[in-house]
Amino acid sequence: MPRILHIVNGDAFGNKLRASGIDGDILVWRESLYEGPVGMRMSDSALLPLRAAYMNQRHGIPEALFSATTKQQEEALDTLSAETDEVVLWFEHDLYDQLMLCYLLSRLHDRANRPFQLSLLSLGEFPGIDIFNGLGQLSTDQIASLHHTWVPVEVGQLRLAHRVWTAISAAEPDVLASLIEEDLSLLPFLKKALQANYDRYPSMHNGLNAIQQLILSRLKESGMPILHLFQQISDEFSGYGLGDLQFWSILEDLRLCTEPLLQISEGRRLPQYGEVLPLDFENWRVNITDLGILVHNGARDHLSINGVDDWIGGVRLLGKDQVWRRNTVTMGLFKM
């Protein structure tokens, strides 16, 4: 019997795939490649400590755990052997998955003499599901129906993914911005994912990225329970692949800055990695501040007031001026 290795995007789906009866081993890829500094190889000795420190500061993930997990994953890629007949990549349409897919294809692109067949199953919809958010929605029977529907990865797909990941990892965003204008149909969900990545840059209008702007829009009329807000933003930004930890950190960026744009009724910090939600969490409310209203309307500029210290791929956003910003009309990026 051929030996198959499935690489998937999270433990929840990995468990369902295992229960579906589809044959093969499973490697769960545990990364969030739209967060923190990235490079061509995530276990790089200079890059990994930076990423581990970032994930610890942002989400409370222990640095030693993060580093060990990254090294184990990378080693699993490096040691794929002739005993493996086929590697199947299972990835969705959103930014979270498409960046992960490009990274893995880029890494495997370097294995020109790989002894195994490389295949891909990439979904943006599923019959009978009106709003497809991801593979984790599927039942084990629905997953089983996908058995052997994956297709071989083409050389052109490997080359495109390698180009994209090289651009994602670059310290300047120009090459990636120009890539968005090209024909990316070899990876059919990639263009929308890269447009979502572009929306992560602060705007020239008020210094907010697209998710921050939407959060303040939803709060402008009245406060909202935090879980309700998370659901609304997740639904409207379904192309982002937003998780709860990522969302809490976005709220904290707007709450814990020098001059806050929002407040949380309980005044306590939001949950981090490994922490359970407080018993009364559903009662926590998020409210916009007076400054938040001014910034939302473009009367004040978030970055000029509060500055920024973050990464979008290999691009460092730091300080209050000369920061890369997006023009919401022309899709251009400028420093200002």
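Values in this document were obtained by computation on a predicted structure and should not be read as measured data. Keep in mind that the numbers below use all heavy atoms, side chains included, and drop hydrogens, waters and symmetry copies.
- To the nearest 0.5 angstrom, C102 atom SG is 4.5 Å from L190 atom CG.
- Judged by distance alone, with hydrogens and angles left aside, the side-chain atoms of T289 form a donor-acceptor pair with the main-chain N or O of P260 at under 3.5 Å.
- The backbone N or O of Y96 lies less than 3.5 Å from a partner atom in the side chain of D94, making a donor-acceptor pair.
- Residue L158 is grouped with residue L80 when hydrophobic side chains (ILVMFWY) are merged at heavy-atom distances under 4.5 angstrom, including chains of intermediate members.
- With hydrogens and angles left out, the side-chain atoms of Y54 and D310 include a donor and acceptor closer than 3.5 Å.
- Of all heavy-atom pairs spanning K320 and I305, the tightest one is NZ-O, 3.3 Å.
- Of all heavy-atom pairs spanning I288 and L219, the tightest one is CG2-O, 3.4 Å.
- Relative orientation of the W90 and F13 rings is tilted, given thresholds of 30° and 60° on the angle between their planes.
- Closest approach of Y201 and P173 over heavy atoms only: OH-CB, 3.4 Å.
- No donor-acceptor pair under 3.5 Å is formed between the side chain of Q72 and the backbone N or O of T69.
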**OP:** In sequence, state the C-alpha distance, the side-chain angles, and the governing distance for L120 and L101, and then conclude on side chain to side chain contact (heavy atoms under 4.5 Å, CB included).
**Re:** CA-CA 9 Å; L120 173 63; L101 174 61; 3.7 Å; yes

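- The main-chain N or O of V295 is found under 3.5 Å from a side-chain atom of N206 such that the two form a donor-acceptor pair.
- Distance alone, capped at 3.5 Å, places no donor-acceptor pair between the N56 side chain and the A52 backbone.
- The hydrophobic cluster containing L123 does not contain F189, counting ILVMFWY residues as joined when their side-chain heavy atoms lie under 4.5 angstrom apart, directly or transitively.
- Taking CD from Q212 and CD1 from I233, the interatomic distance works out to 11.0 Å, rounded to the nearest 0.5 Å.
- Using a 4.5 Å heavy-atom cutoff, the side chains of L251 and F230 are not in contact.
- Heavy-atom contacts from other residues, nucleotides or ligands closer than 6.0 Å to CG of D280 number more than 12.
- For the residue pair Q73 and E31, no side-chain donor N or O sits within less than 3.5 Å of a side-chain acceptor on the partner.
- For the pair M40 and H162, the minimum side-chain heavy-atom distance is below 4.5 Å.
- Of all heavy-atom pairs between T140 and A19, the closest is CG2-CB, 3.9 Å.
- No more than 12 heavy atoms of other residues, nucleotides or ligands sit less than 6.0 Å from atom CZ of R159.
- No donor-acceptor pair under 3.5 Å is formed between the side chain of R300 and the backbone N or O of I293.
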Original post:
Stepwise, does the side chain to side chain contact (heavy atoms under 4.5 Å, CB included) test hold for V308 with H302?
Top reply: CA-CA 9 Å; V308 64; H302 176 48; over 6 Å; no

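- Within the 3.5 Å criterion, the main-chain N or O of E259 finds a donor-acceptor partner in the side chain of N306.
- The structure places CD1 of I211 at 8.5 Å from CG of D199, a figure rounded to the nearest 0.5 Å.
- Side-chain contact check for H6 versus V88: some heavy-atom pair is nearer than 4.5 Å.
- Among D25, D23, D85, the one residue that satisfies the salt bridge (Lys or Arg N to Asp or Glu O under 4.0 Å) test with R3 is D25.
- Without hydrogens or angle criteria, W165 side chain to G39 main chain gives a donor-acceptor distance under 3.5 Å.
- When only modelled atom types and interatomic distance are considered, H205 and Q213 share no side-chain donor-acceptor pair under 3.5 Å.
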**OP:** Quick one: do D11 and R30 satisfy side chain to side chain contact (heavy atoms under 4.5 Å, CB included)? Show the steps, please.
**Re:** CA-CA 8 Å; D11 290 281; R30 300 178 182 91; 2.6 Å; yes

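- Summarising the local packing, CD of E125 is surrounded by 12 or fewer heavy atoms from other residues, nucleotides or ligands at distances under 6.0 Å.
- When side chains are defined from C-beta on, I215 does not count as touching V286, because their heavy atoms never get closer than 4.5 Å.
- No donor-acceptor pair closer than 3.5 Å links the side chain of S67 to the backbone N or O of A64.
- You'll find the ring centres of Y34 and Y240 inside the 6.0 Å limit.
- Between the side chains of D183 and S185, at least one donor N or O sits under 3.5 Å from an acceptor N or O.
- A salt bridge between D309 and R316 is present, with a side-chain N of the basic residue lying under 4.0 Å from a carboxylate O of the acidic one.
- Judged by distance alone, the side chain of R325 and the main-chain N or O of F334 form no donor-acceptor pair under 3.5 Å.
- Cluster membership check: V87 does not share its hydrophobic cluster with L146, using side-chain heavy-atom separations under 4.5 Å among Ile, Leu, Val, Met, Phe, Trp and Tyr.
- Atom NE2 of H93 is separated from atom OG of S238 by 5.0 Å, given to the nearest 0.5 angstrom.
- One finds the CG atom of L17 at 4.0 Å from the CD1 atom of I26 (value rounded to the nearest 0.5 Å).
- The two atoms that bring E181 and K191 nearest to each other are C-NZ, 4.0 Å, heavy atoms only.
- Residues E252 and R255 are paired through a salt bridge, judged by an N-O separation under 4.0 Å between the basic side chain and the carboxylate.
- Between I250 and L242, some side-chain heavy-atom pair lies under the 4.5 Å cut-off.
- Considering all non-hydrogen atoms of both residues, V28 and G10 come closest at CG1-C, 3.4 Å.
- By the rule that hydrophobic residues join a cluster once side-chain heavy atoms approach within less than 4.5 Å of another member, L176 and W324 end up as members of one cluster.
- Side-chain contact check for L135 versus F126: every heavy-atom pair is 4.5 Å or farther apart.
- Note on L95: it does not cluster hydrophobically with F132, by side-chain heavy-atom contacts below 4.5 Å among ILVMFWY residues.
- Between H59 and F66, the closest side-chain pair of non-hydrogen atoms is not below 4.5 Å.
- I7 places a side-chain heavy atom less than 4.5 Å from the side chain of L77.
- Using bins of under 30°, 30° to 60° and over 60° for the plane-to-plane angle, the ring pair F281/W248 lands in the perpendicular bin.
- Under the 4.0 Å criterion applied to side-chain N and carboxylate O atoms, D253 and R58 are assigned as salt-bridge partners.
- From M42, atom CE reaches atom CG of L47 across 5.0 Å, with rounding to the nearest 0.5 Å.
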**OP:** For the pair I131 and Q137, evaluate side chain to side chain contact (heavy atoms under 4.5 Å, CB included) and give the outcome as yes or no after the intermediate values.
**Re:** CA-CA 10 Å; I131 301 176; Q137 285 178 272; 5.8 Å; no

